[in-house]
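Worksheet for the structure shown next.
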4 protein chains.
Amino acid sequence: MSDSASNSNSASNSSSELNTAGLRRKPRQARSQERVDRILAVAEALFTTEGYGKTTTNAIAAQAQVPIGSFYQFFPDKAAILQALTIRYTNQLQQYLKRLLDTADVAALPLPEYVEQLIDATDQFFTENPGYYAIFMEAQSTIPDFNEIDRAADMALIEDLSTAFAQRNPTLTQEDCEVVGFVVIKVIGNLLWLSIDQDPIRRQRLVLETKKLALSYLQNYFPSNTSNLDESLGSTT
Amino acid sequence: MSDSASNSNSASNSSSELNTAGLRRKPRQARSQERVDRILAVAEALFTTEGYGKTTTNAIAAQAQVPIGSFYQFFPDKAAILQALTIRYTNQLQQYLKRLLDTADVAALPLPEYVEQLIDATDQFFTENPGYYAIFMEAQSTIPDFNEIDRAADMALIEDLSTAFAQRNPTLTQEDCEVVGFVVIKVIGNLLWLSIDQDPIRRQRLVLETKKLALSYLQNYFPSNTSNLDESLGSTT
Amino acid sequence: MSDSASNSNSASNSSSELNTAGLRRKPRQARSQERVDRILAVAEALFTTEGYGKTTTNAIAAQAQVPIGSFYQFFPDKAAILQALTIRYTNQLQQYLKRLLDTADVAALPLPEYVEQLIDATDQFFTENPGYYAIFMEAQSTIPDFNEIDRAADMALIEDLSTAFAQRNPTLTQEDCEVVGFVVIKVIGNLLWLSIDQDPIRRQRLVLETKKLALSYLQNYFPSNTSNLDESLGSTT
Amino acid sequence: MSDSASNSNSASNSSSELNTAGLRRKPRQARSQERVDRILAVAEALFTTEGYGKTTTNAIAAQAQVPIGSFYQFFPDKAAILQALTIRYTNQLQQYLKRLLDTADVAALPLPEYVEQLIDATDQFFTENPGYYAIFMEAQSTIPDFNEIDRAADMALIEDLSTAFAQRNPTLTQEDCEVVGFVVIKVIGNLLWLSIDQDPIRRQRLVLETKKLALSYLQNYFPSNTSNLDESLGSTT
DNA sequence: TATGAATGAGACTTCATTCAT
DNA sequence: GATGAATGAAGTCTCATTCAT
């Protein structure tokens with residue numbers, strides 16, 4: 001409470017910026033940030049298990065052990081928390097993939113391996129964050145103009161990918177890179193999310209198909225000498 | 001199911017069955033059917049423009065000129081109407097595509113043209129039914145176990161596609177056909193829906209990319225001698 | 001909806017119209033009307049004793065033994081009940097005075113006696129309806145544009161007076177009559193209301209002064225041969 | 001109180017005393033006094049435009065650039081500010097009229113001119129302080145026993161008038177003077193306030209009627225040789 | 001069967017006031 | 001003394017659903 005220093009490492013720093021989006025008041029003090037974090041964590045859980053519509057702000061506040069009045073000091077309304085959650089998620093995924101993509105080895109990987117890494121990473125992220133897509137979709141249908149709000153957050157992610165693409169094939173226009181990045185991100189996200197609640201075997205198959213899909217598509221833009229997909233990705237079980 | 005000829009004798013039958021899903025009472029009389037139709041039409045409009053959460057059952061009933069009491073004779077609760085809507089939509093899309101796929105000419109088309117037709121048809125359906133995907137997503141996050149409910153409706157659509165695939169390449173297993181059908185349907189749906197509220201130029205580009213994506217992917221399962229995608233699909237404007 | 005005839009007598013009509021103002025739904029059934037009446041009665045009491053701000057809609061509904069949901073079926077919001085109350089009051093006062101003024105004897109009375117009757121009647125009305133003015137003032141400061149809303153209701157009252165004036169002195173313009181009516185009504189109302197919570201002696205004096213004031217003023221417009229006010233009104237105690 | 005010369009030595013004294021009423025702590029320092037003044041100014045504006053009920057203490061404090069914590073060091077609660085405002089207003093009006101009445105020339109004026117000056121001054125005060133009456137009425141219905149609280153403040157004003165009356169007609173008892181003062185003050189206040197939001201022509205007429213009313217009434221207590229009201233007040237435009 | 005007035009739990013949100021810093 | 005984040009009781013109002021007519 002009275003601890004004077006709490007931010008000597010810059011790691012937590014970036015994470016604290018993430019939660020700032022859509023907030024009414026930027027929580028400067030450590031306790032406030034903890035509260036916001038608790039609120040988001042509880043909200044994520046409730047939205048996922050009960051659904052957005054059936055989750056009440058009072059329930060969120062109560063479970064997060066934050067007075068409802070304080071809740072509304074941080075979030076202007078119920079929808080804001082949904083928005084904060086999606087933005088936080090998008091940023092987390094971006095960080096997650098950025099760490100992967102920025103690794104020199106990965107960037108230099110042949111396309112098939114590259115795709116495999118990308119998709120495995122995304123898959124892992126989804127597994128670790130089961131609420132991601134569900135919350136995304138809820139936001140989609142609940143928040144007016146969500147697409148525009150989201151586009152900004154999404155952009156960072158797509159641009160990272162786009163940059164990697166541009167390095168891999170300098171002849172592509174920026175437009176090309178962005179569109180391809182958009183398609184890849186969205187398709188992977190959709191397919192992996194659909195695979196989540198399937199039985200393990202089918203799930204594994206869907207992940208494999210996702211890789212096949214992405215790779216086949218990307219090869220249009222990154223021609224290589226690898227001609228046999230099955231060889232590079234391994235065959236079906 | 002795989003019979004290529006669509007029988008004309010039980011035409012009205014299938015259409016009346018469509019709206020039966022999730023209904024409390026099968027409306028036998030013409031007036032009831034009209035009412036159900038009006039309810040669905042109004043609900044579709046309101047869900048799309050206002051969002052599911054902000055649409056009240058009373059508003060739906062009022063606009064559909066159906067007494068609220070009667071409303072609850074057809075639909076057990078608010079969610080049921082969402083379910084009925086998604087099922088109706090899925091069936092409509094299935095009918096829509098079935099009509100296309102069942103045409104002998106189309107089935108015999110080379111893969112690129114086939115894909116093009118499939119995607120253009122889906123795109124058109126989305127354009128004509130702007131609420132489709134939005135309602136789908138709402139159902140996803142609102143109705144518990146929606147995926148399982150939906151899977152049945154989806155199945156018919158996927159099976160149609162699957163059957164077409166089997167005819168095109170008899171060496172594929174049924175499992176393969178179904179998975180590929182699932183992937184194609186979902187990916188096309190997702191991408192086309194994302195393109196809907198984009199500006200025309202970007203939208204056109206996304207449709208093109210969708211075709212590229214689907215074709216590249218399908219060529220893994222339907223090898224042919226067409227090697228140049230751009231030739232077969234035409235280049236960007 | 002299907003009731004073909006419902007307005008053969010005009011007597012109860014006017015009384016039922018009174019409470020209709022500002023209502024969300026016109027209560028057609030007897031039970032509904034009773035409820036509205038109970039709500040108004042309870043609200044009047046609570047507004048007077050507790051004040052408008054401290055009176056809750058739930059308290060009103062509870063004391064009136066009307067479910068809060070039903071309450072909001074009749075009144076769109078808390079302010080509407082205030083408005084209904086003021087309009088009802090104005091109408092009641094109008095009815096009250098009209099009955100007096102319409103009496104042939106009264107209309108023919110010399111001005112001093114006429115004024116005396118008018119003020120005594122108003123005083124009695126205020127005594128019988130202690131909430132009148134308080135609620136009026138609350139409405140004044142709570143409802144935006146209340147003055148305009150009120151003006152209509154007020155008009156009837158003023159016009160009755162105005163008509164009586166015109167008969168008494170045909171040389172007056174309508175404009176004159178209305179302004180004088182307005183001044184008399186407002187001044188009497190204000191002064192009598194101020195006298196309500198004073199001790200009896202002072203109160204009686206204030207009523208007397210009110211009569212003196214009104215009479216002196218009116219004599220500007222209705223010259224007569226009565227020259228000594230004290231004679232006609234009696235002298236101070 | 002009735003001394004005709006207004007002392008110049010304790011000028012700032014009186015002004016600082018004005019805001020002291022109902023305050024928790026007498027602000028000794030200049031900054032505190034500024035703050036109280038700012039609070040009152042902002043509150044007056046907000047109460048007038050938004051209404052008392054919809055104005056929050058936090059909003060007042062924020063707009064007055066006074067920390068909410070400090071706010072509560074000056075005012076025990078929200079109602080206190082309303083009370084302070086009314087008392088300040090009453091004092092201001094008293095000062096305003098006192099300055100007028102204390103002028104030897106005015107006191108010696110014939111009754112019609114005297115009344116005219118009094119009413120014009122009051123009218124001007126209302127015009128310059130548009131929130132006066134509204135805030136008065138709000139206090140009336142919000143603060144319990146406001147009448148008693150107010151009576152003290154009012155008394156000074158009435159006593160000034162009462163004194164002037166006594167000088168004008170020494171045969172009147174003090175009781176008479178006070179009652180007449182009360183009636184005149186209240187009636188003028190009420191009528192002028194009602195005229196404020198009317199169109200200019202009607203407003204002018206109402207001011208004229210107010211003069212006629214007051215003069216007619218006062219002539220009962222101050223008989224003179226002026227017999228024609230219209231001559232002395234001028235005729236309508 | 002058809003109707004729509006009635007219901008009331010509970011949703012979201014506000015704001016006067018406090019008190020730890 | 002000064003500050004403003006924190007508080008939570010309580011307010012207004014909604015709406016899915018029922019059931020008496």
Side-chain angles (χ1 to χ4, degrees), chain A residues 1-2 4 24-25 27-29 31-32 35 53-62 66-81, chain B residues 25 27-29 31-32 35 53-62 66-81, chain C residues 1-2 24-29 31-32 35 53-62 66-81, chain D residues 25 27-29 31-32 35 53-62 66-81:
Chain A
M1 204 169 290
S2 60
S4 46
R24 180 176 264 173
R25 182 170 61 75
R28 293 179 188 278
Q29 312 191 357
R31 185 157 66 115
S32 294
R35 288 179 158 200
K54 287 191 175 174
T55 302
T56 72
T57 51
N58 282 305
I60 295 171
V66 170
I68 186 66
S70 302
F71 175 98
Y72 277 94
Q73 230 164 14
F74 299 128
F75 298 94
D77 57 27
K78 195 184 171 187
I81 193 176
Chain B
R25 181 174 61 76
R28 292 179 191 279
Q29 309 187 358
R31 186 160 66 118
S32 294
R35 286 181 161 191
K54 286 191 176 175
T55 302
T56 70
T57 52
N58 283 298
I60 296 171
V66 170
I68 186 66
S70 302
F71 174 98
Y72 278 91
Q73 256 164 0
F74 300 130
F75 299 93
D77 56 27
K78 193 185 175 187
I81 199 178
Chain C
M1 203 173 288
S2 60
R24 182 176 263 171
R25 182 170 59 77
K26 191 170 193 163
R28 291 178 189 279
Q29 313 192 355
R31 185 157 65 114
S32 293
R35 287 180 158 197
K54 285 190 177 176
T55 302
T56 72
T57 51
N58 281 309
I60 296 171
V66 169
I68 185 67
S70 301
F71 174 97
Y72 278 94
Q73 229 163 15
F74 299 129
F75 299 94
D77 56 27
K78 193 185 174 186
I81 193 177
Chain D
R25 181 171 61 77
R28 294 180 188 276
Q29 310 187 358
R31 185 160 66 118
S32 294
R35 286 181 162 190
K54 285 190 177 174
T55 302
T56 70
T57 51
N58 283 297
I60 295 171
V66 171
I68 185 65
S70 302
F71 174 99
Y72 277 90
Q73 251 162 6
F74 299 130
F75 300 93
D77 56 28
K78 193 184 173 186
I81 198 177

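Numbered from 1 within each chain, the chains take letters A, B, ... in sequence-line order. These numbers come from the heavy atoms of this one structure, side chains and all, not from hydrogens, waters or symmetry mates.
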Could you tell me how far apart [X] ([atom1]) and [N] ([atom2]) are, to the nearest whole angstrom?
X       : N      : atom1 : atom2 : value
B:Tyr72 : E:dA6  : OH    : P     : 18 Å
C:Phe75 : F:dT14 : CZ    : C1'   : 18 Å
D:Asp77 : E:dT17 : CG    : P     : 5 Å
C:Ile81 : F:dC13 : CD1   : P     : 11 Å
D:Lys54 : F:dT12 : NZ    : C1'   : 12 Å
C:Phe71 : F:dT14 : CZ    : C1'   : 14 Å
C:Lys78 : F:dA10 : NZ    : C1'   : 12 Å

Between the two ends of the helix from E:dA2-F:dT21 to E:dT21-F:dA2, what is the bend in degrees, rounded to 10 degrees, where each end axis spans five pairs? 0°

Starting at [atom1] of [X], measure out to [atom2] of [Y] and round the result to the nearest 0.5 Å.
X       : Y       : atom1 : atom2 : result
B:Lys78 : B:Asn58 : NZ    : CG    : 10.5 Å
C:Ile81 : C:Thr55 : CD1   : OG1   : 9.5 Å
B:Ile60 : B:Phe71 : CD1   : CZ    : 5.0 Å

Identify the two heavy atoms, one from A:Ala61 and one from A:Pro67, that lie closest to each other, and give their separation to 0.1 Å.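 Minimum heavy-atom separation between A:Ala61 and A:Pro67: CB-C, 4.4 Å.
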
On DNA chain F, does the nearest nucleotide to B:Gly53 precede the nearest nucleotide to C:Thr57 from the 5' side, or the other way round? Give the residue. C:Thr57

Each nucleotide N or O in nucleotides 7-10 of chain E that has a protein N or O under 3.5 Å away: list the pair and distance.
| unit_1 | atom_1 | unit_2 | atom_2 | d |
| --- | --- | --- | --- | --- |
| E:dT7 | OP1 | C:Arg35 | NH2 | 3.1 |
| E:dT7 | OP2 | C:Arg35 | NH1 | 2.8 |
| E:dT7 | OP2 | C:Arg35 | NH2 | 2.8 |
| E:dT7 | OP2 | C:Ser70 | OG | 2.7 |
| E:dG8 | N7 | C:Gly69 | N | 3.1 |

Please report the C-alpha distance between C:Tyr72 and C:Thr57 in whole Å, then the side-chain angles of each, then the deciding distance to 0.1 Å, and finally whether the side-chain contact (heavy atoms from CB on, under 4.5 Å) criterion is met. CA-CA 9 Å; C:Tyr72 278 94; C:Thr57 51; 3.3 Å; yes

